[in-house]
Amino acid sequence: SLRDHEKWLAEGDMVQLTEGPNKGKVGKVLMIADELNAALVENLSPSFKVINPKFTWTEKSSGRFLGEAPVPIGFEFLRLVARIPQEDGTSKRMAVAEVQLGEKRFDPRYGRYMYTRLVPGVPGLEIPWPAPEEPLKASEMEALEADAYDQSVAYSSLIDPPFPLDVVYSIRNPYSR
């Protein structure tokens with residue numbers, strides 16, 4: 001797994017695939033699997049067939065109980081694609097062969113300290129981190145998070161059960177061990 005000073009890729013970054021049938025194609029990083037040193041890339045990650053569990057089958061299933069699970073791509077097969085500013089004021093997308101991590105700065109968008117990403121050999125060229133995704137907004141049908149943690153039933157103790165003693169005897173035989 002990567003340590004904080006080794007992380008050069010974030011969700012939302014654009015990357016280019018360097019090997020395989022999709023070599024040279026560009027996609028957006030959807031998720032990073034730190035423990036695998038790999039990332040899921042939109043429309044580029046290979047997938048394999050899996051059998052969907054029986055509880056997910058519906059009456060309208062067309063007899064296909066196979067699904068597809070994406071496979072993360074190793075960081076060694078990815079290049080960061082960055083927007084490089086040009087002299088005329090426009091910007092150009094370029095795949096960066098190597099990313100160097102610079103000084104640590106506080107990023108208010110993420111609410112934490114992050115290393116700056118630099119292109120080696122090009123002084124002053126910093127690659128910005130992508131903007132974090134906005135959290136999903138709750139719909140009127142959803143329970144609020146605070147309500148989900150509210151205790152709906154309170155028990156005083158195990159000695160004083162919340163139901164009548166007659167029910168206890170019908171559930172558990174008093175003569176059994």
Side-chain angles (χ1 to χ4, degrees), residues 1-53 56 64 66-150:
S1 142
L2 293 176
R3 291 185 292 277
D4 193 36
H5 68 277
E6 298 173 323
K7 294 181 182 177
W8 55 273
L9 196 60
E11 292 175 9
D13 270 329
M14 298 300 287
V15 292
Q16 180 184 46
L17 195 58
T18 60
E19 289 188 19
N22 291 327
K23 180 179 180 177
K25 292 188 178 177
V26 175
K28 181 180 177 183
V29 174
L30 300 176
M31 184 188 89
I32 294 183
D34 280 334
E35 63 280 353
L36 300 174
N37 291 340
L40 283 178
V41 182
E42 188 176 41
N43 299 329
L44 294 181
S45 289
S47 61
F48 63 94
K49 300 228 182 271
V50 293
I51 297 175
N52 289 331
T56 64
R64 292 188 56 203
L66 289 177
E68 293 201 9
V71 178
I73 301 171
F75 290 153
E76 65 270 17
F77 304 116
L78 298 174
R79 276 194 200 146
L80 183 63
V81 175
R83 291 210 170 268
I84 308 293
Q86 302 296 308
E87 291 177 5
D88 60 358
T90 61
S91 63
K92 188 176 181 182
R93 278 188 353 178
M94 287 187 163
V96 180
E98 185 183 341
V99 176
Q100 181 180 358
L101 295 175
E103 65 183 56
K104 206 172 193 180
R105 288 192 213 148
F106 184 77
D107 190 337
R109 299 175 304 165
Y110 284 92
R112 62 186 172 110
Y113 283 91
M114 300 178 76
Y115 288 94
T116 56
R117 300 187 292 183
L118 307 168
V119 179
V122 184
L125 182 57
E126 184 179 324
I127 302 169
W129 291 96
E133 288 189 18
E134 293 290 324
L136 296 175
K137 293 181 182 173
S139 71
E140 62 186 48
M141 299 298 289
E142 288 184 67
L144 298 174
E145 185 178 359
D147 294 341
Y149 289 111
D150 282 346

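Quantities reported herein were computed from a predicted structural model and do not represent experimental measurements.
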In the structure I gave you, are the side-chain heavy atoms of [X] and [Y] within less than 4.5 Å of one another anywhere?
X: Pro46; Y: Ile73; result: yes
X: Phe75; Y: Ile32; result: yes
X: Asp34; Y: Lys7; result: yes

*Could you tell me which non-hydrogen atom of Leu44 sits nearest to which non-hydrogen atom of Gly27, and how far apart they are?*
CD1-N, 3.6 Å
*Over all atoms of both residues, closest heavy-atom pair of Ala38 and Pro72*: CB-CB, 3.5 Å
Validation: residues 12-24 side-chain donor-acceptor distances under 3.5 Å, sequence neighbours left out:
unit_1, atom_1, unit_2, atom_2, d
Asp13, OD1, Arg117, NH1, 3.4
Asp13, OD1, Arg117, NH2, 3.1
Asp13, OD2, Ala10, N, 2.8
Asp13, OD2, Arg117, NH1, 2.7
Gln16, NE2, Gly24, O, 3.3
Thr18, OG1, Phe77, O, 3.1

*Spacing of CG belonging to Leu78 relative to CG belonging to Asn37, to within rounding of 0.5 Å*: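 Reported value, rounded in 0.5 Å steps: 11.5 Å.
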*Quick one: list whatever passes side-chain contact (heavy atoms from CB on, under 4.5 Å) with Ala131, sequence neighbours left out.*
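side-chain contact (heavy atoms from CB on, under 4.5 Å) list for Ala131, sorted by chain: Arg109.
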_Taking side-chain hydrogen bond (donor to acceptor under 3.5 Å, both in side chains) as the definition, give me every residue that meets it alongside Asp88, ordered by chain and number, with sequence neighbours left out._
Thr90
*If you look only at pairs with a residue in residues 88-107, which of them pass as a ring pair (Phe, Tyr, Trp, His ring centres under 6.0 Å), with sequence neighbours excluded?*
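Only Phe106-Tyr113 qualify under ring pair (Phe, Tyr, Trp, His ring centres under 6.0 Å).
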*Scan residues 71-86 for pairs that pass side-chain hydrogen bond (donor to acceptor under 3.5 Å, both in side chains), counting only residues two or more places apart or in two chains.*
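Not a single pair qualifies under side-chain hydrogen bond (donor to acceptor under 3.5 Å, both in side chains).
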Please list, one pair per line, the donor and acceptor atoms closer than 3.5 Å that link side chains of residues 92-103 to other protein atoms, with sequence neighbours excluded.
unit_1, atom_1, unit_2, atom_2, d
Glu103, OE2, Arg105, NE, 3.1

